[in-house]
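Single-structure report; data block below.
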2 protein chains.
Amino acid sequence: MEIENVISFKEAKACPIQFVLAVNDTLNVISGKWKLPIIGSLLFEKRRFTDIQRTISKITPRMLSKELKDLEMNGMVKRTVYDTTPITVEYELTESGKLLSDVLDKMLEWGMQHREATIGKN
Amino acid sequence: MEIENVISFKEAKACPIQFVLAVNDTLNVISGKWKLPIIGSLLFEKRRFTDIQRTISKITPRMLSKELKDLEMNGMVKRTVYDTTPITVEYELTESGKLLSDVLDKMLEWGMQHREATIGKN
DNA sequence: TATATCGATATACTTTAGTATACTAGCAAT
DNA sequence: ATTGCTAGTATACTAAAGTATATCGATATA
C-alpha cells in the first residue's frame, strides 16, 4: 500500500466528510434487519448455526448464512469448523466484535434518553 | 398511557431482547444513505434546505425532503419557517439530536480501531 | 413578459434488502 | 430402507430504499 490513508481521530472529528465516512464504516457493519440480533446472540457466548437460529426465531437459514458471512468478512465474527458427525460450526465475536459493545452501550443510553426526551411531544 | 413500559438502562443491558430493541431505536434514527450526511451538515450550525442540498452534492430534493421529514418526526431536527420572500426554512438539531454526537464519536472511535485491527487480515 | 429563487412535490423507474419454500451431502440411529 | 441431524444452498419471489426527471406556487427581478 503506497498511499498513507490513515487519519487520526482528531482529524476525522474536525473534517465533516472524513467524520461521516468513518462513522459510516461502523454503521455499515451493524445495519440491516438481523445484524444486531446476531451480534446480541454472540455477545456473551459462542454459538453454533442452528443454535443462533433458535435464539432468533424468525430468521431464515438463508439470511442467517448471508449475515454471518458478511460479519465474518468484516472481521466481526470468527467461524470455526469442527470435524464431528454431524459437522459442527462455531461462531464467535472477534476482539473487535466484542469491543463493539461499547458502541452499543452508547446507543442504548442515547436511545433511552431520547425516548424520555420525546415522550408525548408528538 | 396505562401500561408502564419504561425500563431502566440496567434492565435493558441485562435482557438481550430489550437490549436489541432499544439499540435498534437508535439505529433506525441514523440508518439510511443520507441520514449521517444530513446530521453531519447540521452538527455545528443551522441550515436552510438549499444550503443542506449544496453541502451534500449528490442528494436529490426528494430524498432530502423525505429524510428531513423522518428526522423531524423522530425528534432529531426542528424545522422553522420564516415568512420572507422567497420563503426561508431553517433546519437545526434538537437537544437530543446534538447529544447524538456522543454516539457518533464512539462509532468513529470504534470504526478507526477496527480498521487498525483488521488491516491486512483479509 | 420572461426568468429566477425558495422549498419542496409527482410520477415512474431501478436497485437493494429481505422472504418463502424447497432442497442438498454426509453420516448415524431406528 | 427410512428418518433425522448438521450447516447450509438454490430459485423465485415481494417489499423497501433510492434515483431520475419534470414540475409546482408564490414572489421578485430584468
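Here is how names work: the chains are called A, B, and so on, in the same order as the sequence lines, proteins then strands, and each is numbered from 1.
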Distance, rounded to the nearest Å, where [X] contributes [atom1] and [N] contributes [atom2]:
X: A:Ile52; N: D:dA7; atom1: CD1; atom2: C1'; result: 11 Å
X: A:Asn28; N: D:dA17; atom1: CG; atom2: P; result: 16 Å
X: B:Asp70; N: D:dA17; atom1: CG; atom2: P; result: 9 Å
X: A:Arg47; N: D:dA7; atom1: CZ; atom2: P; result: 13 Å
X: A:Leu68; N: D:dT6; atom1: CG; atom2: P; result: 16 Å
X: B:Lys69; N: C:dG7; atom1: NZ; atom2: P; result: 15 Å

Next item on the list: Answer yes or no: is there a side-chain heavy-atom contact under 4.5 Å between B:Glu92 and B:Leu42?
Entry: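 In short, these two side chains do not touch, never coming nearer than 4.5 Å.
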Check: Between B:Leu71 and B:Ile39, is any pair of side-chain heavy atoms under 4.5 Å apart?
Finding: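 A side-chain contact exists here, since the closest heavy-atom pair is under 4.5 Å.
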Note to self: Testing the 3.5 Å rule here: is there a donor-acceptor pair between the side chains of B:Thr55 and B:Arg47?
What the structure shows: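 No, no side-chain donor-acceptor pair sits under 3.5 Å.
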Check: Say you draw a straight line from NE2 of B:His114 to CG of A:Asp25; how long is it, rounded to the nearest 0.5 Å?
Finding: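 These two atoms lie 8.5 Å from each other.
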Next item on the list: Nearest 0.5 Å please: distance from the CG atom of B:Asn24 over to the CG atom of A:Leu108.
Entry: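 Atom-to-atom, B:Asn24:CG and A:Leu108:CG are 11.5 Å apart.
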Next item on the list: Write down the atom of B:Met112, the atom of A:Ala12, and the distance for their closest heavy-atom approach.
Entry: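 In this case the closest contact between B:Met112 and A:Ala12 is SD-CB, 4.1 Å.
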Write down the protein N/O and nucleotide N/O pairs, taken from nucleotides 2-6 of chain C, whose separation is under 3.5 Å; answer none if there are no such pairs.
from  : atom 1 : to      : atom 2 : distance (Å)
C:dC6 : O3'    : B:Ile87 : O      : 3.0

Notebook entry, point to check: So what does B:Tyr82 touch, heavy atoms closer than 4.0 Å: a base, only the sugar-phosphate, or nothing?
Noted result: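 Result for B:Tyr82 = nothing.
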Notebook entry, point to check: Charged N to carboxylate O under 4.0 angstrom, A:Glu72 versus A:Lys69?
Noted result: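 A:Lys69 and A:Glu72: not salt-bridged.
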Margin query: Has B:Lys35 got a side-chain atom pairing as donor or acceptor with B:Ser31's backbone, closer than 3.5 angstrom?
Written below: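 Side chain of B:Lys35 to backbone of B:Ser31, a donor-acceptor pair under 3.5 Å: yes, one is there.
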Polar atoms only, N or O, under 3.5 Å: list the protein pairs with nucleotides 13-19 of chain C and their distances.
from   : atom 1 : to      : atom 2 : distance (Å)
C:dG18 : OP1    : A:Lys33 : N      : 2.8
C:dT19 : OP1    : A:Lys33 : NZ     : 2.7
C:dT19 : OP2    : A:Trp34 : NE1    : 3.0
C:dT19 : O4     : A:Arg62 : NE     : 3.2
C:dT19 : O4     : A:Arg62 : NH1    : 3.2

